[in-house]
Amino acid sequence: MAQQTPLSRVEPLWREWMERWPTPAALAAAPPGEAVRHWGRLGYPRRALRLHAAAVAMVRDHGGEVPDTEAGLRALPGVGAYTAAAVAAFAFGLRTTVVDTNVRRVLVRALDGEAQAAPSLTAYERDLAESAVPSGRAASAVWNVAVMELGALVCTARMPRCEACPIADRCAWLAAGRPAYDGPPRRGQGYEGTDRQVRGRILALLREATKPLSRSEFDGCAPESGTVDRCLDGLVADGLVEPLARSRFRLPA
DNA sequence: TAAGCGTGGAT
DNA sequence: TATCCAAGCTT
């Protein structure tokens, strides 16, 4: 849930979700469309589908338990390098290297004196992070959560609170006078007028619907009908929408 | 490797 | 108001 989404926004929905589906088996028993429905407006609804698929995989391959190795975690749908490392470290206390957007920012600032990390994770940044993690198991687990929290709460992207930073006396970026970022620009996302916006509108309608919707009910989702058709096709291809006879659609059963 | 994928709060 | 950006993953 927290992938590309601030924890403060995730928390209330996470609590609701855990009450509804307390175990992998409980989630796996629900239709995938119900996972998408109760994902609400958290964003990136494919994550809901993959979380459901991960629950199915945990029931099928791991006796309904969360796998306790990084390789086992990494094999789950929707679990990439970051999430596998985070669960391995935070839930199981394993020694690994957690690299998320917060960790990347803290390390390049403190160690390299850069204002922000590169647009996407580089091999250099991964090496930097790996070389910084303590060798001991317990110490590494503390390190991973500490660096991430520092980035989330103090060494933030927009308004870093350097006056409250516990490593301010050792920060290369602060020592250099907090120079501005001069690397390649991050690609702007943009949203207005994109298929993502149209997909979001289509799914919002389907989440609220208690019965299948016909094609004409999506007319207002985009100015051109071709856009609606393309987005519906994409949603069906992604498994987020199930097509029925007579051009009717619903969340997947 | 780069592009595509949602949403909403903060600045 | 417009832009940035958030515990990334997949193809």
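Letters A, B, ... mirror the listed sequences (proteins, then strands); counts begin at 1. Note that the coordinates shown come from a computational prediction; the quantities given were computed from them, not determined experimentally.
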Quick check on contacts: within residues 140-149 of chain A, what sits under 4.0 Å from DNA chain C by heavy-atom distance?
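Within this stretch, M148(A), E149(A) sit under 4.0 Å of the strand.
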For nucleotides dG8(B) and dC9(C), find the distance between their P atoms and express it as a whole number of Å.
22 Å
With P as the reference atom in both, quote the distance from dA7(C) to dG4(B) in angstrom, rounded to an integer.
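Here dA7(C) and dG4(B) have their P atoms 24 Å from each other.
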Is any side-chain heavy atom of [Y] closer than 4.5 Å to one of [X]?
X	Y	answer
W17(A)	L42(A)	no
L240(A)	L49(A)	yes
V66(A)	M58(A)	yes

Considering just the side-chain nitrogens and oxygens of [X], establish if one lies under 4.0 Å of OP1 or OP2 belonging to [N].
X	N	answer
R41(A)	dG8(B)	yes
Y191(A)	dT7(B)	yes
T83(A)	dC9(C)	yes

Pair R50(A)-Y44(A), side-chain donor/acceptor within less than 3.5 Å:
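Not at all, the side chains of R50(A) and Y44(A) share no donor-acceptor pair under 3.5 Å.
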For the residue pair R47(A) / T5(A), report whether a side-chain donor-acceptor contact shorter than 3.5 Å exists.
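On atom types as modelled, these side chains qualify, holding a pair under 3.5 Å.
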Nearest listed nucleotide, side chain of R158(A), among dG4(B), dA10(B), dT7(B):
dA10(B)
Hey, is the main chain of [Y] close enough, under 3.5 Å, to the side chain of [X] for a donor-acceptor pair?
X	Y	value
R37(A)	R207(A)	yes
R248(A)	L213(A)	no
R161(A)	C155(A)	no
E34(A)	A30(A)	no

Decide if atom CD of E224(A) counts as having more than 12 heavy atoms of other residues, nucleotides or ligands within a radius under 6.0 Å.
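Result for CD/E224(A): open.
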Counting only heavy atoms from other residues, nucleotides and ligands, does the tally under 6.0 Å from CD of E130(A) exceed 12?
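Enclosed.
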I want to confirm an ordering. Mapping A204(A) and M159(A) to their closest nucleotides on DNA chain B, which one lands closer to the 5' end?
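Final value for this comparison: A204(A).
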Near DNA chain B, counting only heavy atoms under 4.0 Å, which residues of residues 2-10 of chain A show up?
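By residue number: Q4(A), T5(A), R9(A).
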Would you jot down, in residue-number order, the residues of residues 93-111 of chain A having a non-hydrogen atom under 4.0 Å from DNA chain B?
none
Between [N] atom [atom2] and [X] atom [atom1], what is the distance in whole Å?
X	N	atom1	atom2	answer
M1(A)	dC9(C)	CE	P	16 Å
W39(A)	dC9(C)	CH2	C1'	12 Å
Y82(A)	dC9(C)	OH	C1'	13 Å
L73(A)	dG8(C)	CG	C1'	15 Å
L240(A)	dC5(B)	CG	P	12 Å
D238(A)	dC9(C)	CG	C1'	13 Å
F90(A)	dA7(C)	CZ	C1'	8 Å
L49(A)	dC5(B)	CG	C1'	13 Å

Taking only Lys NZ, Arg NE, NH1 and NH2, and the carboxylate oxygens of Asp or Glu, determine whether E11(A) and R15(A) approach each other closer than 4.0 Å.
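Looking at R15(A) together with E11(A), the answer is yes, because their closest N to O distance falls below 4.0 Å.
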May I ask you to say what A86(A) touches in the nucleic acid, namely base, sugar-phosphate or nothing, with a heavy-atom cut-off under 4.0 Å?
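Here A86(A) touches no strand at all.
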Using a heavy-atom cut-off of 4.0 Å across all strands, would you classify L42(A) as base, sugar-phosphate, or nothing?
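Base, at least one base heavy atom under 4.0 Å.
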